[in-house]
S.K.: 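Below are the structure tokens for one structure; questions will follow.
Per chain, numbering begins at 1; letters A, B, ... match sequence-line order. Below, all heavy atoms of this structure are taken into account, side chains as well, without hydrogens, waters or symmetry copies.
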Amino acid sequence: MGAARPTQRGGRSMIELETPTRFWQTHRIVMAAIAAVVVLACILLLRWDWLPKYLPLIGEGIWRTLWLLVITSFLGFFMAIPLGLAQAAGPWYLAMPAKVFCTVIRGTPLLLQLWLLYFGLGSLFPQFPAIRQSELWPYLRQAWPYAIVALTFSFAGYEGEVMRGAFKGVPGGQLEAARAMGMPRFTILRRIWLPLAIQRALPTLGGETVLQLKATPLVATITVVDIYAVASRVRQDTFIVYEPLLLLAVVYMVITGVIVLAFRWFEHRVPSRVA
Amino acid sequence: MLEALLNAFPNLALLAWDPPGWGANLGRGLANSLQIALGAYALGLAIGTGGAFGKLYGGPMTRDLLAIYTTVVRAVPELVLILILYFAVTDLVNQGLVSFGYDRIQISGVAAGIAVLGVVQGAYSVEVIRGAILAVPSGQLEAARAMGMPPGKAAWRITLPLMLSNAIPGLANLWLIATKDTALLAIVGFAELTLQTRQAASSTKAFLTFFLAAGLLYLMVTLVSTAIFGRIEKWARRGQRSGGAGQ
Amino acid sequence: MKKIILTAIAAALLGTGAMAEQVKVGIASEPYPPFASPDAAGNWVGWEVDMIKAVCAAGEMDCVITPVAWDGIIPSLTSGQIDAIMASMSITDDRMKSIDFSDKYYNTPTVIVAAKGSGITPTAEGLKGKVIGVQVSTIHQDYAQTHFGGDAEIKLYQTQDEANQDLVSGRIDATEADSIALDAFLKSDAGACCEDVGAVADDPAILGLGVGVGLRKGDDALKAKFNAAIAKVIADGTYEKISKPYFASSIYGG
């Protein structure tokens with residue numbers, strides 16, 4: 001990545017250009033007013049008295065959701081690189097398993113994968129005394145390792161497919177030039193091929209991360225207490241149905257907004273395609 | 001061959017079609033899943049087509065409302081949307097009916113599932129179809145207009161076929177999402193494949209067997225659909241030069 | 001365009017809801033043996049299913065058994081997807097705030113089950129530092145969180161079966177539930193690992209007054225029908241006849 005750094009500056013002014021020149025048109029003012037009334041009505045007419053009591057739990061839940069999202073997206077992305085490379089350029093005995101992995105992950109519902117891991121595999125482990133007595137058992141006993149594995153695999157499966165296309169899409173001339181300069185194969189991969197492929201995959205990463213965020217609430221079904229589970233708990237404790245769900249929707253929208261803005265900022269920092 | 005497999009793995013007997021095997025339950029679940037996926041997909045396409053035209057040719061108000069719809073639906077997890085739509089919307093419909101002096105209606109699980117997933121699908125297909133329409137080379141339309149083709153005919157003969165070939169990869173993807181999203185209805189207790197699997201698994205304690213079997217069924221649906229969509233795409237792209245088509 | 005679609009949806013939904021005379025009786029879609037669980041043929045079987053049929057026959061109601069996710073069963077009732085809940089739901093003050101109940105039709109004690117020889121007792125001290133699994137939205141969740149929440153970790157499961165499974169797997173140390181449901185588990189092969197360590201101290205405010213039919217507030221006609229039907233089923237001996245294949249003694253309770 002180092003080689004491309006000097007061109008970084010230009011991106012900044014793009015942001016100013018993108019902001020619409022006339023946002024407050026008449027109909028938008030009306031719509032914003034209606035929206036304000038709706039929000040006010042929601043605040044005044046619906047029941048929010050449970051909120052203070054559950055605030056600490058809600059904070060913990062949001063934290064756990066974010067933590068799951070960040071860890072599994074990172075791990076998933078690093079797993080996607082070899083998956084993509086194996087499919088794009090690997091020998092068949094690497095390409096085949098990588099392709100099968102991506103197809104299986106993308107072809108089955110995440111909810112089912114999660115349950116297969118937690119209830120299926122998880123109920124198999126304790127039957128082996130060796131596992132039950134091992135030092136891993138305190139972790140295997142809990143739910144979050146299964147959640148992390150399932151979410152990471154899911155991200156890797158989808159992003160692996162993207163990376164395959166990205167590796168294939170890097171212009172051959174770039175690689176030929178490097179080879180002609182006598183660069184060793186691994187150095188070509190590290191200095192030329194991988195950075196160019198990541199650059200190509202970058203625009204999809206934001207979208208994939210939002211999809212990953214939307215997948216996180218599924219872990220509540222295997223006893224991990226994320227923000228979704230906290231909202232369910234409020235519903236179960238107080239029998240208030242809609243308010244916790246509304247709060248959930250708002251929380252997820254805010255997180256999505258942050259992700260989208262962060263990636264937009266990030267994309268402007270990284271130089272756009274050279275070709 | 002199935003017989004031999006059943007003997008080799010006693011657990012596989014649980015998958016037999018007739019009781020005491022649970023195969024028929026999984027089959028029913030799969031049928032339910034496909035029914036909902038098809039319904040939701042069709043509803044999503046209808047919303048998507050209307051929405052795409054609204055976004056492209058509608059007034060500023062329509063465009064903003066559609067933008068809000070697609071943004072909200074794509075930002076909130078399907079699971080949360082399903083719960084909101086499943087409970088809140090049926091409740092609102094009923095309260096509305098009662099206040100207008102009608103009787104409460106009962107919404108069947110299938111109808112509710114289709115409506116909920118259809119609304120989610122719609123938000124994504126708006127974007128797919130809009131993108132596909134935008135990708136139709138304007139030269140083609142201009143040529144049609146220059147030849148004196150009326151706009152309706154141009155839309156039918158030029159825009160639609162060209163747009164279709166652009167839209168099919170995205171629409172295929174949406175169909176796969178629709179089949180997999182039906183699994184989320186397990187959370188509201190609808191007897192689709194994932195819930196049937198879970199019930200069978202927890203009744204028999206053969207978790208691994210049933211989850212693997214259901215995984216295989218979903219995978220088969222995916223692979224068969226992918227093959228079919230591949231065929232359709234080939235058909236839609238007939239007459240186009242391979243390789244450099246559009247993008 | 002949008003309007004047409006909306007009208008079409010509304011028409012489709014209205015079309016499916018034409019038969020108004022039926023009573024949709026909601027049961028939990030999660031297996032809860034021996035009260036209600038699906039069999040391999042896809043039918044729901046169990047004591048409570050037999051009870052629903054008996055009560056509906058006695059009350060001359062045209063009942064349709066409708067499985068609903070336990071976690072959302074009260075919203076399903078209030079939003080009109082079902083008309084009554086017969087899913088081993090205990091009558092508690094908290095639930096009375098949102099729904100109505102018929103008279104009770106059974107009542108059993110709440111017990112704790114733990115691995116054999118674990119030394120766990122059904123008290124806060126006995127469960128200190130342990131992990132307890134309970135089913136969400138149950139009186140047992142409420143009880144465990146209120147009485148053991150400070151000393152033990154509470155894990156929430158969508159179904160009691162999954163909590164039992166995790167007890168067998170050793171992921172939790174104990175589970176709290178209805179004595180009869182746990183009895184069925186202990187008698188199964190998987191239950192060989194574990195034993196009943198006793199009933200928890202009673203707390204009527206949480207554990208409630210027995211199991212009743214959940215009904216929408218204001219649905220008094222249906223409530224009267226169910227009450228009369230339950231009384232009839234008990235009086236004419238049907239209750240005893242239904243219970244015999246499942247339980248050694250009556251579960252109607254005091």
S.K.: In the structure I gave you, are the side-chain heavy atoms of A:V219 and A:R64 within less than 4.5 Å of one another anywhere?
M.R.: no

S.K.: Please tell me if the side chains of A:T223 and A:Y118 come closer than 4.5 Å, counting only heavy atoms from C-beta onward.
M.R.: yes

S.K.: Apply ring pair (Phe, Tyr, Trp, His ring centres under 6.0 Å) to residues A:Y252 and A:Y228 and explain how you reach the verdict.
M.R.: CA-CA 10 Å; A:Y252 281 112; A:Y228 176 82; 7.8 Å; no

S.K.: Do A:T238 and A:W50 have side-chain atoms, one donor and one acceptor, less than 3.5 Å apart?
M.R.: no

S.K.: Please determine, among B:V221, B:T209, B:T197, B:V76, the option with the most heavy-atom pairs under 4.5 Å with chain A.
M.R.: B:V76

S.K.: Verify, without hydrogens or angle tests, whether A:Y158 (side chain) and A:L211 (backbone) share a donor-acceptor contact under 3.5 angstrom.
M.R.: no

S.K.: Distance only, no hydrogens: is a donor on one side chain within 3.5 Å (strictly under) of an acceptor on the other, for B:W22 and B:T204?
M.R.: no

S.K.: Taking B:L223, B:T222, B:T179, B:L208 one by one, which has the highest count of heavy-atom pairs under 4.5 Å against chain A?
M.R.: B:L208

S.K.: Between the side chains of B:Y124 and B:N173, does any donor sit under 3.5 Å from an acceptor?
M.R.: no

S.K.: So does A:W67 have more than 12 non-hydrogen atoms from other groups sitting under 6.0 Å from CH2?
M.R.: yes

S.K.: What part of A:L110 gets closer than 4.5 Å to chain B, counting heavy atoms only: side chain, backbone, both or neither?
M.R.: neither

S.K.: Less than 4.5 Å to any heavy atom of chain B: does that hold for the side chain of A:F119, its backbone, both, or neither?
M.R.: both

S.K.: Under 4.5 Å heavy-atom distance to chain B, tell me which part of A:T256 shows up: side chain, backbone, both or neither.
M.R.: side chain

S.K.: Which bit of A:V210 is near chain B, if near means a heavy-atom gap under 4.5 Å: side chain, backbone, both or neither?
M.R.: side chain

S.K.: Checking heavy atoms, do the side chain of B:L216, its backbone, both or neither come under 4.5 Å from chain A?
M.R.: neither

S.K.: What part of A:T216 lies closer than 4.5 angstrom to a heavy atom of chain B: side chain, backbone, both or neither?
M.R.: neither

S.K.: Which atoms of B:L176 are under 4.5 Å from chain A, going by heavy atoms: the side chain, the backbone, both sets, or neither?
M.R.: neither

S.K.: Contact part of B:I187 toward chain A, heavy-atom cut-off under 4.5 Å: side chain, backbone, both or neither?
M.R.: side chain

S.K.: Please look at A:I259 and chain B and tell me whether the side chain, the backbone, both or neither of the residue comes under 4.5 angstrom of a heavy atom of that chain.
M.R.: neither

S.K.: Kindly say whether A:G122 contributes a backbone atom to a donor-acceptor pair with the side chain of A:Y146 at under 3.5 angstrom?
M.R.: no

S.K.: B:V72 versus chain A, heavy atoms under 4.5 Å apart: side chain, backbone, both or neither?
M.R.: both

S.K.: Measuring heavy-atom distances to chain B, does A:L111 have an atom under 4.5 Å in its side chain, in its backbone, in both, or in neither?
M.R.: side chain

